[in-house]
Amino acid sequence: MNREALLDGLNPQQRDALLHTDGALLVIAGAGSGKTRVITHKYAYLVREKRLSPSSILTVTFTNKAAEEMKGRIASLLSRDLKDCWIGTFHSQCMRILRREIQVLGYRPEFVVYDEDDQHSLIRHILKELKIYEALYRGVVSRINSLKASMVTPEEFLASGDGFGFDEKLAKVYVIYQDELRRCNALDFDDLILLTVRLFRDHPDVLRRYRERFSYILVDEFQDINSAQYELVKLLALGHRNISAVGDDDQSIYRFRGAEVANIYRFEEDFPDAKVIKLEQNYRSTQNILDVSGSVISRNPGRKAKQLWTERGRGEHVNFYWLPTEEEEAKYVAKTIKDIYLKGVYNYGDMAVLYRINLQSRAVEVALKREGVPYRVVGGVSFFERKEVKDIVSYLRLSLNQHDNVSLRRVINTPHRGIGSATLNKIEHVSRKNDLSLFEAIRRVCRTKASSQTVLEKLEAFLRLLSELSALKGRPAPEAIEYIVELTGYSEGLEDQRLQSLSELTASAEGMSVEEFLERVSLFTRLDEPVPEDAVSLMTIHAAKGLEFPVTFIIGLEEGVLPYFKSSDNEEEICEERRLFYVGLTRTKDLLYLTGARKRRVLSRRQRQEPSRFLSDIPKRCCQWIEKDPCGTVAGNGVDGKGRSSPRDEALYYAFPYKTGCRVRHPKWGIGVVRDCYGEGDDRKVYVNFPGVGVKRLALKFAQLERV
DNA sequence: CGAATTGAGTTTTTT
DNA sequence: ACTCAATTCG
């Protein structure tokens, strides 16, 4: 693709963003404003026109999925493979750098990455050792994580404390935690970022190398980066200052894990010469949806003002349904989904149900099942969080590193081999006293015969197992998994479903070595799991970020649910909840349904709920408010409820009964695939590709197309 | 050491 | 309501 083609179809602001390649650039990209398009085209432009090699453009995304998508789109723009490119999440890029460089920080390059679960068990273990009430671990984990996100070292935190109370204990836990990670040659998620920052700060020669290597830096979702990530970007960019930061402060929804919107404002201070471009033309939603979401988000103070607009028409009114119970709410959602589907305009795959917390999916799932509507739940307990999968992964880790204490604790008695808590305590004791890893401690116990004969035999058997596992280094992962299952007798007495996970695990490891597989697994998340056939998507609003759906339901619009009750006391958190609602609203292309329930089960009690405060931010003219009282009568107010075609008929008029990719039958040309649709009302046209005939442009009004 | 029972806490969101 | 973990008993 040449220069013209890359600029083609970009609006003036998008073009500016693409062409500004010298020095810092901040792109404030409103929802649905073609942000990804700008990034991918800019990348292609840098390669094509500025002759940069893909290996010299560092591109950071928020999720693995976003990275993959971006890679694919860029590859097709450039019509070439992107080998040796640097497109990925902060965590994966840091991992890649640390694999090469971490030795100067005193870790070995085969380090493993501990996920949340591993982190929890390690911290609980430390609390136990320190005789601190273990149930506090959640709070401790989150405090430590936020310290790490803002780059406060254990030593600094210790020094900053006043020497009493909980913080002092917390500092102690933090010190031990960090120490223990190092011993296990393990990093947690935050370490990946933190250590890379430290690497660059403390080793100017290394920093210089990477500054030279990356001559351009692109950062997506800039509003969601934490201070450590900001620091990392800054370190790399401060040499040449060739950086594009793209984000939307209104869509910052990860404060709870250390993201700070303020970073997007800091950028202009740290790069005072930065050009700032706002993308305000929206290519996704109808004007009505923009009005609704705009009036909601405008209540937040201190944001960068935006005026989103669209060339699409006004579109449909938003509907708010206030239903007696959560069951009725779910039923209403399921029925409406089915209705819409039966009208033939939208497929199930075009629709999504969004909610604040995963728990809310339950009722909707029940109702959808009852209606026979296919659905998929995004999130929930993911494949890689299943117990049996984590067990096998622990064995794999141990095969590479026998000093991985967290993995060892996990599997030492799984499956049962008669090594219980008494024995384990003894081993822990030996390990602490002699400053040994658990593995070494077991060896010492065996060598010095410091236990009963039966226990010794069991421990020796376990040691033999570990030494056999160490032969798995560099082997193909599927083979290693099967070997582990066989050697440990793991599958004995396992339920079918769990056996199933094991074979899925083996299948997913296809073509990778043990090392590669572990690397993939540790950064894999729920969002990355495959997309099935035509099904309604159910997910949290968080999970829906970056996605769009022609038809969107946002459920549970009640005080306590959205905004969530845990956030209710703090103004900044309410703002974040409002942004969350905004993100949900702006996922919608055509039809938006909001619902809430007057009564809901909250922690086993039926509770009376009030409509969400955010609803009152929506202008009356945009939203149709319909209440169903417990007797079943329906009352509407708000905009012209009577005397006009129902919203759904109107949708039929504006929307396309076919979408790109769907198959249709034409009386003359037979079956073809829809390539594109455009126009409004009676002027709607579709391009259809008929195999053997070619692409035909057809007027929807006249062509007698039939969906296949 | 392991199974069973009791009891507490729990439900935000994710790399 | 439900899960997960500590405690207790065999």
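Side chains are part of it too, since the values below use all heavy atoms of this structure and drop only hydrogens, waters and symmetry mates. Remember, predicted model here, so these are calculated numbers, not experimental data. Residue numbers begin at 1 in each chain, while the letters A, B, ... track the order of the sequences.
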Practice problem: Please work out if A:D115 contacts a base, only the sugar-phosphate, or nothing of the nucleic acid, heavy-atom cut-off 4.0 Å. | Solution: nothing
Practice problem: Could you work out which one of B:dT11, B:dC1, B:dT13 sits closest to the side chain of A:L359? | Solution: B:dT11
Quiz item: Do A:N300 side-chain atoms and A:C575 backbone N/O form a donor-acceptor pair below 3.5 Å?
Solution: yes
Quiz item: Rounded to the Å, how far apart are A:Y137 OH and C:dA6 C1'?
Solution: 14 Å
Practice problem: Looking at every strand, decide which applies to A:F62 at a 4.0 Å heavy-atom threshold: base, sugar-phosphate, or nothing. | Solution: sugar-phosphate
Quiz item: Reckon A:R601 has a side-chain N or O less than 4.0 Å from the OP1 or OP2 of C:dC2?
Solution: no
Practice problem: May I have the distance from A:H120 (atom NE2) to C:dA5 (atom P), rounded to whole angstrom? | Solution: 11 Å
Quiz item: Taking OP1 and OP2 of B:dT15, is either one under 4.0 Å from a side-chain nitrogen or oxygen of A:N64?
Solution: no
Quiz prompt | Gap between atoms CD and P, on A:E572 and B:dT13 respectively (whole Å) | solution = 20 Å
Quiz item: In whole angstrom, what separates A:E326's CD from B:dT11's P?
Solution: 18 Å
Practice problem: Write down the distance between CD (A:Q229) and P (B:dT14), rounded to a whole number of angstrom. | Solution: 16 Å
Quiz prompt | Spacing of A:D188 atom CG relative to B:dT14 atom P, expressed in whole Å | solution = 18 Å
Quiz item: Does a side-chain N or O from A:N413 land closer than 4.0 Å to OP1 or OP2 of B:dG2, or not?
Solution: yes
Quiz item: Within the structure, does a side-chain N or O atom of A:T423 lie under 4.0 Å from either OP1 or OP2 of B:dC1?
Solution: yes
Quiz item: With a 4.0 Å cut-off on heavy atoms, is A:R124 in touch with a base, just the backbone sugar-phosphate, or nothing at all?
Solution: sugar-phosphate
Self-check item: For A:Q178, all residues meeting side-chain hydrogen bond (donor to acceptor under 3.5 Å, both in side chains), sequence neighbours excluded
Solution: A:K148, A:D191
Exercise. Send over the distance from A:I541 CD1 to B:dT11 P, rounded to a whole Å.
Key: 19 Å
Quiz prompt | Listed partners of A:D115 passing side-chain hydrogen bond (donor to acceptor under 3.5 Å, both in side chains), at least two apart | solution = A:K390
Practice problem: Output yes when a side-chain donor or acceptor of A:Y593 lies under 3.5 Å from a complementary backbone atom of A:T552, and no otherwise. | Solution: no
Quiz item: If you pin A:F256 and A:I419 to their nearest nucleotides in DNA chain B, which one's is more 5'?
Solution: A:I419
Exercise. Figure out the NZ/P separation between A:K148 and B:dT14, and round it to whole Å.
Key: 21 Å
Practice problem: Specify whether A:F614 and A:F581 have parallel, tilted or perpendicular ring planes, treating 30° as the upper limit for parallel and 60° as the lower limit for perpendicular. | Solution: parallel
